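Here the structure is a predicted model, which means the values were calculated and not measured. Ligands are counted one by one from 1 in listed order, and the atoms in each one are counted from 1 as well.
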Amino acid sequence: MFKNAHILLGVTGGIAAFKAVELCRRFQKAGAKVRVIMTQAACEFITPLTFETLTHQSVYTDVFDKARAFEIEHVSFAQWGDILVIAPATANMIAKMAAGLADDPLSTTVLAFRGPVVVAPAMNTAMWDNAKTRENLEALRGRGVRLVAPDVGMLACGDEGAGRLANLSDIVQAVTEELEAARQAGPLASKKILITAGPTIEKIDPVRFISNPSSGRMGYALAEEAAKRGAAVTLITGPVFLETSKHLAEVVRVETAEQMRDAVVAHLPEQNVCVFTAAVADFTPAEPIARKIKKEDLGQETVLKLKRAPDVAAAANAARQPGQFFVGFAAETNDLESYARDKMERKGFDLVVGNLVSEANPAFGVKDNEVTIFLPSGATVDLPRTSKKELAKYIWDQIQTQLS
Ligand code: CTP
């Protein structure tokens, strides 16, 4: 569940703050990415440098940090996170959250955050038992905040009773459950989605092939984002050097356009949405040779005969079931809109994501991209230049609007 999850870890000022370091490590070991937010009081107990060293990310400690005034951090942190975990949470932070106050980096992030929140309180027993604290905790629970109750034991102040930060395994378990629940309640929860990604390779002989520089990043990012939103995703991928998200329902690895077509057609009937991001070869060697070709046999020049490779999206369109929603991609160096609309028409795409390919926006083999979405209504939406992971969110937002 943690693989690639974005966890925001909020640390407040209590003696248990040091335990947040181990919690951060546990999240990371499970495959999550962690960014840390600390209150000033937390910085009295433990330094931001500890977390910066562990996470390789700057820690958010000051709403008015002049060095980064261009970035509205409570918003950018809140948008980045899949889940917000506050451990340890002091009585003061719990009171602020209950009241909706926003006067430090963590409480401002809490207000700007839309995802699941897990709170692990740690405080003196008398503070924990205090009626006002109880009322605040109930208010948070009522708003869907997941509480991980503190343990009973010897406290730093010498008192014996409830107030020790919960066992870290219990906090990890609560975070796992909340991530899973968020996935199941996601906007694509009941949807089955097929995505093609990466290049195909077309063999000339056993050691040579024709291919293209597609990295697979766009397709993989779309697959991961759809899975995070609750979809059962089947990823049909050509050879790429990327890890697949653990949350995918199925990953089918293929090499050639023909294999990709066969896999797509075989998985097509049950799908609600198909997204064709793969850069499928348009041509394949007409007569592949079973033995390695020796260059001496070819002389100084040679001609390679090619034939059309199967069109995966067109084959899917021919076998399409009523109600299926198809998304295509168009990478063009010129006349993007007319080519994109033409592909929509020819291949039955309901929506097309178009790139204008140029030196400034190579689109293939790079992490960032700038795209325009062509909607069935004839309208277009220009998305900002950003990472393919961020683009995946924008693209799913647009697809979801069309599905609803
Ligand atoms: N596509 C496919 N199978 C192919 C070629 C393309 O599934 N053999 C899909 C791509 O994944 C993409 C869309 O079709 O979603 C691109 O459409 P297409 O018109 O074939 O574009 P190009 O391959 O760029 O070809 P051209 O512009 O030269 O017609």
Among all the protein's non-hydrogen atoms, which is closest to [atom], and how far away is it?
atom                    : result
atom 28 (O) of ligand 1 : Asp282 OD2, 4.5 Å
atom 3 (N) of ligand 1  : Val312 N, 3.0 Å
atom 20 (O) of ligand 1 : Lys347 NZ, 2.6 Å
atom 21 (O) of ligand 1 : Lys343 NZ, 2.9 Å
atom 8 (N) of ligand 1  : Pro310 O, 3.1 Å
atom 15 (O) of ligand 1 : Phe276 O, 2.7 Å
atom 13 (C) of ligand 1 : Phe329 O, 3.2 Å
atom 7 (O) of ligand 1  : Ala313 N, 2.8 Å

For Asp335, what residues pass the side chain to side chain donor-acceptor pair (under 3.5 Å) criterion, not counting sequence neighbours? none
I need the atoms of ligand 1 closer than 4.0 Å to a non-hydrogen atom of [X], numbered in the order shown.
X      : answer
Arg346 : 19 (O)
Ala281 : 8 (N)
Gly328 : 15 (O)
Ala278 : 10 (C), 11 (O)

Could you tell me whether [X] and [Y] have a side-chain N and a carboxylate O separated by less than 4.0 Å?
X      : Y      : answer
Asp82  : Lys393 : no
Arg208 : Asp205 : yes
Arg261 : Asp311 : no
Glu287 : Lys307 : no

Ala315 touching ligand 1 at heavy-atom level, < 4.0 angstrom: no
Within 45° cone and under 6.0 Å: Arg164 NZ/CZ vs Trp128 ring: no
For Phe374, does the six-membered ring have the charged nitrogen or CZ of Arg341 within the cation-pi criterion, i.e. under 6.0 angstrom from the centroid and within 45° of the normal? no
Looking at the rings of Phe349 and Phe326, which for Trp means the six-membered one, are their centres under 6.0 Å apart? no
Scanning both residues in full, the closest heavy-atom pair of Pro376 with Gln402 reads CG-OE1, 3.3 Å
